[in-house]
Q: 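Before we start, here is the structure in question, set down as C-alpha cells.
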Amino acid sequence: MKRSRAGIMRILAALACAVALNVFAQADEVAHPDPVVEARLKDLGEELRCLVCQNQTIADSHAPLAVDLRNQIRVMVRQGRTDDEIRAYMVERYGDFVLYKPPLKATTVLLWIGPFALLALGIAIVVMIARRKRMPQALPEVSAARREEIAALLEERAGKAARR
C-alpha cells in the first residue's frame, strides 16, 4: 500500500513538473515572440470578439479568456493551421457571436437588420409626434343652447367687471 501511494505521488509530481514546464515554455513564447505568428495573431484577434468584454476584440482585451484565446490561436498558428481553420474552430466552439462580422444567415439576420429596424422605428415615431403637434385640434361642436348659456355668462362677467 505504501509503495503504491509513493508511486502515485511520484506520478503526480512528474505531471505537475510537465505542466509547469509547459507554462514556462508558453511564457518563453510570449517573451520571445515570432513576428510572423504575432502578425497573424493580431489579424485574427481583430476579427474575433472577446466573449467577456463583448465590445472589444480579443487582440485589445486583457480579460483572462481573451488571453487564453490568443494563446490557443498562437498554438494553432504554430501547428500550421490556416486562418479559415482557426476561425472555423472558434465559431464551432463559441458560435457566430465570436466573430465581429458574423455571416448573414437565418440565425444572424437580426444582428444585421436589427439596428436599421430600430432606426427606422425611431424615425417613424418622431415623424408621427411632429405631425400630431402641427395638426390643428378640432374644437367640439357646441349646441345653440350651450352657446346662449356661454354668452349669458360672458355678459354677466362683463357687467360685474364694469361695476368695479
Q: Is it true that D43 and R40 have a side-chain N and a carboxylate O under 4.0 angstrom from each other?
A: no
Q: Can you list everything that forms a side chain to side chain donor-acceptor pair (under 3.5 Å) with K105? Sequence neighbours excluded, please.
A: D96
Q: How would you list, by chain and number, every residue that makes a salt bridge (charged side-chain N to carboxylate O under 4.0 Å, His left out) with E85, sequence neighbours excluded?
A: none
Q: What pairs with I125 under side-chain contact (heavy atoms from CB on, under 4.5 Å), at least two apart in sequence or on another chain?
A: L121, I129
Q: Mark yes or no for whether R70, through its side chain, and I58, through its backbone, hold a donor-acceptor pair below 3.5 Å.
A: yes
Q: For R157, check salt bridge (charged side-chain N to carboxylate O under 4.0 Å, His left out) against everything at least two apart and list the hits.
A: none
Q: Got R93 and Q72 here, is their nearest side-chain heavy-atom distance under 4.5 Å?
A: yes
Q: With a sphere of 6.0 Å drawn around CG of L104, does it hold more than 12 non-hydrogen atoms of other residues, nucleotides or ligands?
A: yes
Q: Begin from the C-alpha positions of M90 and I73 and carry the test side chain to side chain contact (heavy atoms under 4.5 Å, CB included) through to its verdict.
A: CA-CA 9 Å; M90 292 295 180; I73 292 172; 3.6 Å; yes
Q: Using a side-chain heavy atom cutoff under 4.5 Å and only I, L, V, M, F, W and Y, what cluster partners does F116 have?
A: none
Q: Under the side-chain contact (heavy atoms from CB on, under 4.5 Å) rule, collect the residues that match up with F97, sequence neighbours excluded.
A: R49, L51, Q54
Q: Considering residues at least two apart in sequence or located in another chain, which fulfil the salt bridge (charged side-chain N to carboxylate O under 4.0 Å, His left out) criterion with D68?
A: none
Q: With sequence neighbours left out, what residues match T57 under side chain to side chain donor-acceptor pair (under 3.5 Å)?
A: D60
Q: For E46, check side chain to side chain donor-acceptor pair (under 3.5 Å) against everything at least two apart and list the hits.
A: none
Q: Going by side chain to side chain donor-acceptor pair (under 3.5 Å), name the residues that satisfy it together with N55, two or more places apart in sequence or in a different chain.
A: none
Q: Using the side chain to side chain donor-acceptor pair (under 3.5 Å) rule, collect all pairs that involve residues 111-133, keeping only residues at least two apart or in two chains.
A: none
Q: Could I get the full list of side-chain contact (heavy atoms from CB on, under 4.5 Å) partners for Q79, not counting sequence neighbours?
A: V75, M76, R81
